**Q** 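Here it is, the structure, as structure tokens.
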Amino acid sequence: MLKILFFARIREELSCSGLELQWPGSRLDLYALQEQLCVEYGESWRNVLTQENMIRAVNQQVVTDNCELNDGDEIAFFPPVTGG
Amino acid sequence: MLKILFFARIREELSCSGLELQWPGSRLDLYALQEQLCVEYGESWRNVLTQENMIRAVNQQVVTDNCELNDGDEIAFFPPVTGG
Amino acid sequence: MAMLENSSVTVHEADFDVAGLQRGLLSGLSEEGAIATFTGYVRRANDDRRVSTLELEHYPGMTEGSIKAIIDQAADRWPLLAASAVHRVGRLSPGDQIVWVGVASAHREAAFSACEFIMDYLKTRAPFWKKELGPFGEIWVSVRQDDESRAARW
Amino acid sequence: MAMLENSSVTVHEADFDVAGLQRGLLSGLSEEGAIATFTGYVRRANDDRRVSTLELEHYPGMTEGSIKAIIDQAADRWPLLAASAVHRVGRLSPGDQIVWVGVASAHREAAFSACEFIMDYLKTRAPFWKKELGPFGEIWVSVRQDDESRAARW
């Protein structure tokens with residue numbers, strides 16, 4: 001299983017705070033997962049998830065490139081942070 | 001009248017927290033005043049007041065050179081500060 | 001990487017008490033000569049937008065973990081005795097406290113530097129998002145370029 | 001030279017309450033986005049001397065005036081909304097609070113910089129003197145070279 005989370009503006013634009021996907025049982029990397037979401041949920045999701053300043057985290061660590069995923073991973077998509 | 005103040009280690013070394021002097025009625029500068037104190041109170045005062053890192057203030061402003069004094073001035077001698 | 005034992009990171013909706021948080025940094029051993037703190041407040045106006053409410057969202061788990069990691073990084077760079085961070089989430093109003101960071105050290109240089117370092121990272125890396133609500137409607141706050149360049153200087 | 005209207009400088013023997021002092025920096029207009037504070041404490045040991053009592057002496061009048069001047073200098077350099085400084089004198093014990101400086105501004109950069117600037121000057125220019133008492137007898141604290149070089153960087 002993969003847990004996928006969306007925060008802030010991204011959450012609002014997708015009208016979705018998160019979803020769970022069955023682990024495909026084969027190799028899967030972050031960009032393939034993103035492409036899978038874009039295909040499954042359509043053009044509006046593609047527009048959001050491919051935004052230039054999108055931040056992606058795997059298991060609560062920000063990743064700046066593609067990376068291999070594993071069963072049980074938590075993947076998050078969010079805009080630049082504005083805390084403090 | 002001149003008000004003369006001593007603080008901290010200087011106060012202890014002189015056993016004096018301050019004194020008042022009649023205004024001489026003529027011109028007086030800071031170094032002349034200091035020399036007058038050294039003459040009046042002796043060698044022990046000279047040793048203290050001529051210490052290399054002595055700080056002098058006139059009317060609560062630190063001065064690094066000699067300066068003209070005026071009737072009513074407040075002159076202070078103290079060691080380097082160690083607040084905070 | 002060093003682990004600072006006396007450190008805590010809290011994210012919650014409730015307000016916080018700066019005096020109590022500051023006392024929490026003291027060990028009772030009187031080794032602390034210096035505590036530097038920072039408190040962030042909701043401003044009434046931002047870029048001339050009049051703000052009536054601020055909504056703060058975060059990524060539970062990652063927030064706490066990333067701030068803890070930042071504090072440990074700070075403890076690697078400066079000789080710290082204690083550090084904590086508190087960040088509020090939910091709906092806040094102008095004048096409300098948002099964030100508090102406090103750092104204790106023997107001397108002030110380390111306390112100041114680490115407090116500023118933690119705040120810079122908290123502003124640019126910790127997963128919090130602010131939305132401003134007001135007469136203008138709703139707007140997600142965007143990144144201050146200034147914040148990015150401040151964080152990059154460390 | 002600018003005069004910062006919301007500023008105060010106090011020297012007294014009594015302890016102080018950091019939360020109350022911090023609240024005193026807020027105007028009620030919610031323009032403050034940031035407050036940076038510094039609290040100095042009496043340490044139990046200094047250069048391995050075990051300190052049982054600290055005696056703090058100052059130059060009444062000049063102390064307040066020189067700190068006020070430092071705050072006004074800070075307000076010239078950074079956009080400040082309020083600043084205060086409290087310094088204790090008399091006999092203090094390890095763990096006691098000695099000094100508090102707090103600065104309010106719209107943004108954190110100004111608050112941090114001004115707070116540190118005021119503290120650096122307070123350590124090197126304001127007429128306070130510390131005497132340490134302990135098993136070693138009495139000793140007037142001497143100037144930390146470090147403090148001098150920190151003040152010189154501004």
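Proteins come first, then strands; the chains are lettered A, B, ... in the order of their sequence lines, and each starts at number 1. The basis for the numbers below is simple: all heavy atoms, side chains too, and nothing from hydrogens, waters or symmetry mates. Since the model is a prediction, treat every value here as computed from it, not as a measurement.
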**Q** I need the residue from C:Thr39, C:Asp17, C:Val18 with the largest number of non-hydrogen atom pairs under 4.5 Å to chain D.
**A**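 It is C:Thr39.
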**Q** Can you tell which of D:Met119, D:Lys123, D:Glu109 has the highest number of heavy-atom pairs within less than 4.5 Å of chain C?
**A** D:Glu109
**Q** With respect to chain C, which residue among D:Gly28, D:Ala106, D:Gly20, D:Gly102 yields the maximal number of heavy-atom pairs within a distance under 4.5 Å?
**A**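 Top option by heavy-atom pairs under 4.5 Å: D:Ala106.
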**Q** Less than 4.5 Å to any heavy atom of chain C: does that hold for the side chain of D:Ala104, its backbone, both, or neither?
**A** neither
**Q** Let me know if D:Val42 has heavy atoms under 4.5 Å from chain C in its side chain, its backbone, both or neither.
**A**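 Looking at D:Val42, just its backbone touches chain C.
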**Q** Need one label for D:Leu26: side chain, backbone, both or neither, based on atoms under 4.5 Å from any heavy atom in chain C.
**A** side chain
**Q** Closest approach of C:Gly33 and D:Phe38, non-hydrogen atoms and distance?
**A**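 Closest pair (atom of C:Gly33, atom of D:Phe38, distance): O-CZ, 4.4 Å.
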**Q** Applying a criterion of heavy atom separation less than 4.5 Å, what residues of residues 82-96 of chain D form contacts with chain C?
**A** D:Pro94, D:Gly95
**Q** Nearest heavy-atom pair of C:Arg44 and D:Leu29: which atoms, and what distance?
**A** NE-O, 3.5 Å
**Q** Roughly how far apart are C:Ile35 CD1 and D:Trp100 CH2, rounded to 0.5 Å?
**A**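 The distance works out to 13.5 Å.
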**Q** With side chains defined as the heavy atoms from C-beta onward, is the minimum distance between D:Arg43 and C:Glu32 less than 4.5 Å?
**A** no
**Q** Sort by residue number and list every member of residues 111-118 of chain C having a non-hydrogen atom under 4.5 Å from chain D.
**A**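 Within residues 111-118 of chain C, the residues under 4.5 Å from chain D are C:Phe112, C:Cys115, C:Glu116.
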**Q** Only counting residues at least two apart or in another chain, list the ones meeting side-chain hydrogen bond (donor to acceptor under 3.5 Å, both in side chains) with C:Tyr41.
**A**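 Partners of C:Tyr41 under the side-chain hydrogen bond (donor to acceptor under 3.5 Å, both in side chains) test: D:Gln22.
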**Q** In this structure, are over 12 heavy atoms from other groups packed under 6.0 Å from D:Arg77 atom CZ?
**A**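 Yes, CZ of D:Arg77 has more than 12 neighbouring heavy atoms, counting only those of other groups under 6.0 Å.
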**Q** Of all the residues in residues 124-132 of chain C, which have a heavy atom that comes within less than 4.5 Å of a heavy atom in chain D?
**A** none
